[in-house]
Every structure is written in C-alpha cells, then in structure tokens.
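Below: the structure, in structure tokens.
From a predicted model like this one, the values you see are computed outputs, not experimental measurements.
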Amino acid sequence: MSSHDHAHPEYVQHHFHTAAEQRAASKFGMWAFIAQEILFFAGLFMAYAAFRFFYPETFVAAHEHLSWKMGGVNTIVLITSSLTMALAVRAAQTGNQKQLSIQLLLTIVFACCFLVVKYFEYSAKVHHCLLPGDYYGLPLKDDAGNFKLDAIGNRIFSDHCDIPKSGQMDAKSAGIFFGVYFIMTGMHGLHVLVGIGLLAWIWLRARKGHFHPKYFSPVEYVGLYWHLVDLIWIFLFPLLYLVK
Amino acid sequence: MSGSYGNEGEQSYLSRKGFLTWALTLDHKRIGLMYLGAVLFFFLIGGIMALLVRTELLTAEGDLFSGDNYNKIYTLHGAIMVFVFIIPSVPAALGNFLLPLMLGAKDVAFPRLNLASWYIYLLGSAFLIFSVLAGSIDTGWTFYTPYSIGPSDNGNAIIAATLGVFILGFSSILTGVNFISTIHKMRAPGMKWMDMPLMIWALYATSVIQVLATPVLAITLLLLVFERLLGFGIFNPALGGDPVLYQHFFWFYSHPAVYIMILPGFGIVSELLTVHSRKRIFGYKAIAFSSVAIAVIGFLVWGHHMFVSGQSELSSTIFSGITFAVAIPTAIKVFGWVATLYKGSIRFTTPMLYGLYFIFTFTIGGLTGLPLATLASDVHLHDTYYVVAHFHYVMMGGLVIAFIGGLHHWWPKMTGRMYNIKLAAFASVLVFIGFNLTFFSQFFLGSQGMPRRYHAYDRVSESLQGTYKFWHQMSTSGSYILAIGLFITLGYLLASLRKGGTRSPHNPWGGVSMEWLTATPPIEHNFEGQPVCTHGPYEFPEIDKSAQDKH
Amino acid sequence: MATPHSTGSYGADHGADPHGAGHHDDGHPHEHISPLSMYFGVFGALMVLTVMTVWVSTLGLGAVSIYVAMFVAIIKAYMVCAYFMHLKWDSPFNRLIFISSIVFMAIFFIITATDIGFRGQINPETDSMVLRQEENATAAEAARKAAFEAKTVTLARAPGSVPTGVDTPPVAVPAPAAPATAAAPATAAAPAAPGAAPDAPAAAAPAPAN
Amino acid sequence: MNFTTILGDVWMPTSASTVADDTDAVFYFIHYLSAIFLVAIVAATIYFALKYKKRSDNDKTSPIEHNSKLEFWWSFLPGLLLVVMFIWGFDIWLKLQVPPANAMNVRVTARQWTWQFDYPKDGITAGELVVPVNTPVKLTMSASDVLHSFYVPEFRVKKDVLPNRYSVAWFEATEPGEYNVFCTEYCGKNHSRMITRVQVKSAADFEAWRETGGVPPGTSPAEAGKIFYKSFGCNQCHSSDGTANTGPTFLGLYGSSHGLTDGTTVVVDDNYIRESIEIPGAKVVAGFQPRMPSFKGKIKDKQMVAIIEFLKTLSK
C-alpha cells in the first residue's frame, strides 16, 4: 500500500512507520479508553455514595438481602479469570500458542461462570420482588395504570413479595438501593458480556496463529479490558455485598 | 521544514469519485469534510430555530407559538447547537482534517475508529431527529429532573433524545481517544511538544476533556432513561431521589463541555493572528499551557451553574473561588493575542478580520463571566438573559466566530478554491454587527431581570415590560442582520465550489506550519514521503532574524 | 522553539519506555515479560485479601468497616493494575492517563460530597432530609408538627429517625417555643455524617436563626 | 451609594431591598473594571492593527517571542482583582443566606404554574406576596411538582424551589410598591406565565391587610371577590378576559354549561364552583388537565361567596 524504505510487515497499518510506533499509539489509545471507562463507572459509584449517605439504614438493611456467598464466589471466579487472562498475554508474548489458546478458553469459561452465578442471583431478587424503583414489591395498579394506594397513601405490594410486604425497609429508598444495585451490577455484567465476545474473537484469531512475540497487541488490549472488569468488581463486591 | 512535497505522484484526496469512496473512506480528510457538511447543516437548522425564538419575542404576548411549541423550539435550538453543532464543529470537522496534516502524519492513529465515530455521530443525530418526529422534547437542553422524568406527552421523544445524546457522547469520546494518541505518538520526526501549532495544543486539551468528562454524561443520561422507563428514583424527588444530584452529574460533563466548545476556538485564533500578522505568537508556552490549565480547572467549577439551586453553601463558596481561577489562564491568552499584533505586518484578510472580532467578542464573553462567578451578583443574574448573553458571547462570539474564521483560513486548503474575498469581508462585517446587536442587548435584558426560557412577557408589570420589549426588539433585529451575514457567507462558500470557481494558490496566506507543505488540496496520503519538522510553526520569512540576535 | 530540530526518530515520547522499546533498531517493541511466579504470587495475594475482606465484614466494626473494605479494595486494585495490567513496566504517559482518570473521579466525588454532606449548615430546614421526613409522617399530623420544629431529630440521622413506614411517627422531641433555639443544636448535630467537619467556611457564618 | 442614580436604570432595575444596593455595588465594580479592561484591550488591538498594517512585501516583523516579566504581571495583577471580587461577592452573599432572627415567616409553595403564599400565624393563604416595608421576611419554600425558582429583580433575591426539600430566602423591602415575582427555573408549558406580584405595604397598610385577610373594610362582595381572585392566585390559571390558560377562563363562566372529561355536561352554578374549589379533580372541564390544587379549608365561606359574586359579574 505504501512504499517505505524500511521493513513494513503486514500487521503494521500503512500510516504507521514501524511496529513500535503502531504499538505505542494503540496502547496509549487503549489506556485512554480505560480512563473513560473508569469515569463512566464513577457516575454509578457517585450515585451509590450519595444515596448511601442519604439512606444509611436502608442501605444496610437492603444489603442483607444480597447473597455475599454468591458475590464472594463471583469475586474468586473473576480474579481467577484475571490470572488466566494475564497468563494468556504472557503466552502470547513468549509465543506459546498452545498455552495462549488454553488460557483464553479458561478465561471464557470463568467469565461464563460469573454470568451463571449472576443469573441465579438476579432470579432470587426477582423472586422476592427486590426490584428497582417503581417495580420494588411489584405494586398493584388500577385500570388506568395508576398505583393503588392504601389508606395512608402507601403503595400496595403484590402478595408474593414477602420482603417488601414485611415493611422492614422504607419502600422508596429500598427502590433506590435496588436501582443502584441493578444498574451497577448490570453495567458491569454488560461489560463481562462484551468481554466474552472479545475473548472469543481473540481466541479464534489465536487459533489461526495471528499472534506471535512481535505482534500480540490485540491479546494484550483485550486483557487490559478484562482486568478492568475485574478491577471494578473488586470495588463493587464490598460496597454492595459486605459493608454493614 | 525540508523537502518539497508538491503535487507530483499522488492525486488530490478529492479525486476519487463515487458514494462508496466516501462512505467507506478511512481518510481523515474526507471524514472531516463529511463532518463539516453535517455540522453546517445542523448549524442551519439550529439557526432557524434561533430566529423563530427571536421572532416570537418581538412582542410581549405569546402570539406566534403556543407555550408548548416555543419550549420545543428553544430546546431544539439548544440541543442541536450544543450536541451536534458546536461540540463536533471544530474537533471533529476542522480538527479531523487538520490534525494529521499539522503533525506531518499520514492519518490519525486509528482511522477505522475515526470512521466509526462518524457513523456513531450519524446514529446519534438520527435519534435526535427521530425525537423531533416523535413529538419533540421540551425539557431544555439540560434535561433537568424532575421535569424531564415527570408525566409528559412526549415521553418517547425524551427517551429518543437522551439516547441520541448518549450515543453522540461515544462519538465524541472515540474522537478524543484518537486525537490524544495521534498527538502523542504520531508527530513528524523532529517535532517536539513545543513545536506543535497552538491549534494542536488546543485540540489536545479538548480531547482530554472529551475522554474524561463525556462518560459521566453518558451514565447520567442512561440513568435518566432508566428513570423514565423503570422509575428508578435516583433523580426523582417524588421517589426519594435528589434533583440537585442530577445537576451535579449533568454539569460535571457539561461545564467542561463548555471548554470542549471554546478551547478549539482559542487554537484557531492563535493560528489566524500569527499567520496573518506574519509574527510569532507572543508567549507560546503560556498560551499552550493555559489551554491545558483551562481544561483541568474546567473540571473543578461545574457548581457555578448551581449557586441558587439548593446546593450547600460550602459548595457554592468553593465553586465560586475556583471559578475565578479560570479567568487567569484566559486573560493570559487574550493578552498574548493582542501582544502578537505588536510590530507585525498585518493583512486584513477575512480570516484575520474574524480573528480580530474574536478578541473583542470573546473578551466581552469572558469579562461578563465575572459577575456570574461572583456569588452575590450571580444570585441576581442567574437564569436571566444575562447568562444567555454571556454564553452566546463565549459560544457564538468565541467558538463560532473562530470557526468561521478558521473555515475561511483553511477553505482553500480543504477545497482548493478561493471564495469571493470582497463579499467575504462585507459578510463578516454584517456578522459582527448583527452578533453584537443581538447579544449585547440581552445583557441589559438580563440585568433588568428578564428570565430566560420565557415564551411571553405580557404578565410582567408595565414598568419593566417596556424595557424588556425595547431590548428584545433590538436583539431580534440584530439576529436578522446576523442571519443575513451568515447566509451570504454560506452562499459565497458554496459558490466557490462550482465549476469554474476561482482556484486557490497553493499557500494563499503564506502559512509555514506543516499543513501548508503538502499540495492544495492535499494528496491522498497527505505527504509525499515523510516530512521532517525543522522549525517551529510560526517561523515566517518576514521575521527579522537580525533583530533577534541583538535581542 | 526557534532553533531547528531534526532528530529524525519517529513517534513522540522518546525514551518514555524504560527498555528503549527499540525505536531505532528493528522497529519492534521489546516487552517486559514477567516470570510465572509473579502471576501466581499476585493471584494468591488477591485471594487472601478477598477472604480477608469477607472476614472483616463479619466483625461488625460499624462505621469503620467501609474504610477497611475500601482500603483492602484499593490494595487489590493496585495489584491488578500494577502486575496484571503491567502498568508497573508501562510507559509513564500510560500511567499518567490512568492516574488522571482516578484523579478526576476523585474530584467528582469530593466536590459533590461538599454539597451532599454539608446541606442545611446555615438554614437547618434546607437539609435534604427534612421535608422528606415530614412528608413521610403525614399519617400522624401532630407528630408531623413536632418533627418540623424539632429539626434536631431529623438532622441527627439517629437510627429510627429515618422513615420505616408511616405507622411509626418520628421521635418527637418536645418542640421548643422559638425555632431560633432549635437551630443552634441543629447546627452542631448536622455534620453527623461520616467525614463531615463542622469548620466549613459556611458554618463560620453567624448562628443560623429564623 | 446608589449607583442607579448615576447610570440611570440601564443596567439594574430599581433597588428596593436592603441587599440590593450591596449587590449593585459589587456588580458595578466588576462592570467598571471590565469596561476598563475591555477598552484597553480593544484600543491596543485597533492601535496595533492600524499601526502595523502591512506596508510592503518587504515588511519585517519583530522576532519577539515572549516577555516573562510582562507575562507574570499581567497574570498576577488581574489575579489580585479576582480575589477582591470573590471576597466581596461572598460577603454579600453570606448576608443573603442568613435570615435575621426577627424575620417574619412566610411559607411559599410553588406548583405548575402558580405561587401560593401562606402566613402561618394569620391563617392567610394568598396568591400574591404581601409584606410590610422595612421588615425582614423569611421565605421557606418548597415545590409540589418540578423545580421552580423564586425571583424578585428589584430585591436581587433568587432561590430555586425544590420538591421534597425546603429552600430559604429572605429580604427586607425598603420601598413600598408592587414588584414582579418571577419563576426563573424552567417548569414547563406556562413557565412564562408563572408570574405574580409582591406588594410592599407600609406597616399600617400591612396590618390592615392582615386584619381583614386582604380586603379593605366596606368592600362590596363582588369587589372583595375580585381581590380574592387575585390574592388566592386564581388569576394565574383562570383569566378574566377570555384568554386561554391552564384553566377555563372566568369570563362568562357562571351560568354557562360545560362538557366534562367524563363526557357529561354540567351547568356552572354556586354548588359546582364550590365543589371545584374544594375538590378540583372531581369534575374537570373537557380539554383541561386536572392541575388545580384543593383550596378546601383555605378559602373560607364568606370568601367563597365573594368569589361567586365576582364570577357573576363576569357573566353579565
């Protein structure tokens, strides 16, 4: 495509001069992308902090209904997947194709485990009607779509919603807590889902032998992304599941 | 800079024809041109909305539109101008075209990402347009809760618009990531940080803000959508949420966004004033670093939009104090520009005229920020036309004037054509007069207490109503003059593209930064071979080097 | 900047990479490869810290536990960033951009906290919770009035003062006759929030009074 | 010092509160200073532009790049002025935040798109703010739907009014008269109609107003009704001249018949008016939103009769 006086391997795009220049630019770009991811989650952490401050009692009471065991298992799963990812990158660096493929597969398996546990966790919340905002306790509605209210103006929860009905949590702030919970873990879960897609793509490319010690940037960047997913969970876990 | 990079081997980047050569192009220049077309289109639409707003306010009664329709029109004006015109105008349109050229690079670091940003921008714009069809939003461009999440006839429109802005945000983020990487890693051999044109410094500071602030807007708007769809309650006071928290979230992006809008303007003006006065910029380092300083301090001052909002007194005090700090780097820039003219050889070309207008209008915009940063006077001026006038002096008088100046400066480079110079000078005078008449009147309106976003003012007591009417009429007449000036500008720019339009000389202004080294219009891969940077961007031949030695 | 430069090497940030990155020889990046033992060591430490976080949460440390949990989380995050993400051996600019994202996040948190944590310092009734709690207490009209005048209760965020349902009226402290006297203890009680300090400039204002 | 007398009233409206002159002082200080800077910058620009206009192709330009001393001073000195502005503005603003201990309490409720002022001690509810001159007045405000903002330009006082939170503003009026109260936080369709008045009365007049709940002695019922029509804020939604607004116009209303949202028709008589005031949502006229708050218990029987009398005069 271009005529340079020095070697220009096919994996170097035409507008870069050398593989080193391409790698430096793309890695820098990846870090800039990670920076924006962090600020994206910053908004969610801010929402968490604000409402934890406004409604400390509800936050403590509501977190009791999250399963710290499931959260803990997921933490271990994610950290392990981070390890296998790091090993995959190392395998790419050293040109160990077999290890690269195995470690990437392991990472994908752990990522799927994470989502499976998440699925059970979410279904438990749905079962107890621990849902965000207007859906907390699945309040009854009249024909016109307005919420039915009891004598003192409170929403009437569906019969099977044992925890909301027990009234141990203030309905409004509990709705906010579960809103925060679902959007934080949901956004994180979405990142896991995207990560699985990226890992699968990288795995396919690795099997075709696209990567070698001179060119493994895509593996490394997917790795950086995956560690970021782990990083965010490291904070989500104690904030949502543990703090009393 | 060494070597000759004439139009020998490769052809102009415009020469390949066909829809797909544009739709699938990875060439930053073509992507820049496509952005340019889009932002000018949206500028036109937003401008028409502005004229409708001004026309309604000619009379005190709300006789032209119903209150609902007026609210939709001004919201559309704001949202279009901010999200799809100003923010992408210089970075994505001019910046895309110029950044690699000015750095002596073949392209931006990630050309495919660049094309993706363009399509994401189109998708976001499509959502905005869809929101208009779905009934149009009437929330103001700020989407303040709880109004934006309350019962509304246009719920779908609000969701479409917020999703649109959410998507546009990613376009902006990806452009920012691309630019930062390009500036860091792809400068021509020999080009050190202090050899970069100031336009690049400005784009660099802009990109940093785009990357670090926009994601917060994204999550905010996502929460807003969930708020509407699921009743999350985070921003809804009726459900225990906090509307002031929404304002923090919103302004954490939207105040730095003001600097996304104005910083590139600073960059352009630095180029215009030096090239057309044939002199080095005064205080290169000060101007370069003040761009970065403004970008950073810009993150610390968002709460000055909220002095009367119910935020804590401590917050207001902190925000007011830091806000004043922005004035210092800004003043350094203005003084530097004025000093650049000293002992130059000034050509009154159209770009230079816009550069000089900028000094005037932006200085007014900056200075009128002071009473707004001051706590006591802001209480009186907040949410009045004084604020409207202030930010139009900064946005329109700052960025748009610089953008039009930059367009005139680089138009020959981009298209290879020269516009009608006399008509251009005439139109620029109309723009200048019209602009000042429109917006200076609004300072009086505002300090007299006229609130913004009012569709009618017939309920105002007699004594003030007369005053308001007078200044509104002045403002509206100014806006028509401004519109005529802008239409003439659009006319002669388009006319220059017709077959047989005047061809521009290779380097009409005698610029010495790298974009003038390549052919006009540039060849497909920007440069023949690799250019090497051998001197700073403002080393004009007219500079009296002998005097320097004595210096 | 007036003097001509022509160093002739590509890219910027030269010398940023401590290993030289081979810009000048074959144009290929030379990467730091960590030993396997490091990866497993870090992994082990992360596991231990995870168990520790869970264990600490069972101790019932109260308000302190969040600080402990965050401290441990920060250590874990550092290990992931530095070792798994190789930031320790990466170019300083890459480190800078990562750190700046943390810094701007901190700016967002801290400055927003100066609002949320310090509302109602001058006029106690403007604290975010006051009207909410009043409205939550509509069922008991008499108690409602007491709550309005006795802002001390609502501001102190005492457990139980947060609405748990309208059947339980907020704890009614005997309402002082003049609201001005209620304001003084309220100011003292207001910064009961974690990390709040009463010596804010706003609080230095003359004693609030209505 | 009263700056308005020097400048006429081009910039600021009449000053009618104790803080207004202070605010104006800092405002004018900044403005004069800005004017000096602006004139200096523009003069230098024009002077340089003309003096160093291109003369010939052989022009030589100065190689000057920077001047550290100059750059330091032109950053440092304006910096000092900024500190002055900040401290001055902060000082006055702090006064605005702290209501005096002896302030009279008024409870303000904002809703789309009316203002309601309650005087808790006197049991008065009004749509216009009536205050005595030279007396500090503390407003404790909240909104019932979206954000609003209370603003009186002549007092230089503004504060957002929030749902589910109180906000506080205070002022001490110095000039008797009638001033605008604006809503300055965008609140929807009729945002620009959410304007009422603040009436500053002499101490004696205010006492009289308070004694009679707003009606001078010896007023006929219809005239009193007209006063209540304004003071309860009915006029903010119901016009008396036939113009369309949030609610049906009162012109020709009494005795007419209206289609309701549920499809039935009703003749507007005393009972319907009374019901509409006390339970507004019960029978809503077709084409209107059920926006009206209930005035049950706030409008007393005699006042109700007066309002009905006033309505009758509009249908003659």
NZ (B:Lys185) and OG (C:Ser91) are apart, to the nearest 0.5 Å, by 4.5 Å
From the list B:Pro237, B:Ala105, B:Gly240, the residue making the most non-hydrogen contacts under 4.5 Å with chain C is B:Gly240
d(B:Tyr253 OH, C:Phe108 CZ) to nearest 0.5 Å is 14.0 Å
On a heavy-atom basis, the closest approach of C:Gln121 and B:Glu313 is N-OE1, 4.1 Å
Does C:Phe71 have more than 12 heavy atoms from other residues, nucleotides or ligands lying within 6.0 Å of its CZ? no
Listed by number, the residues in residues 196-218 of chain B that come under 4.5 Å of chain C (heavy atom to heavy atom) are B:Leu212, B:Val216
C:Asp115 meets the salt bridge (charged side-chain N to carboxylate O under 4.0 Å, His left out) criterion, sequence neighbours left out, with C:Arg119
The salt bridge (charged side-chain N to carboxylate O under 4.0 Å, His left out) partners of B:Asp378 (sequence neighbours excluded) come to none
Value for OG1 (B:Thr317) from CZ (C:Phe118), rounded to nearest 0.5 Å, stands at 11.5 Å
Residues of residues 296-304 of chain B with a heavy atom under 4.5 Å from any heavy atom of chain C, in residue-number order, are B:Val296, B:Phe299, B:Leu300, B:Trp302
#### Entry: Backbone of C:Thr114 reached by a side-chain donor or acceptor of B:Ser315 within 3.5 Å
yes
C:Ile111 and B:Phe319, any side-chain heavy atoms less than 4.5 Å apart: yes
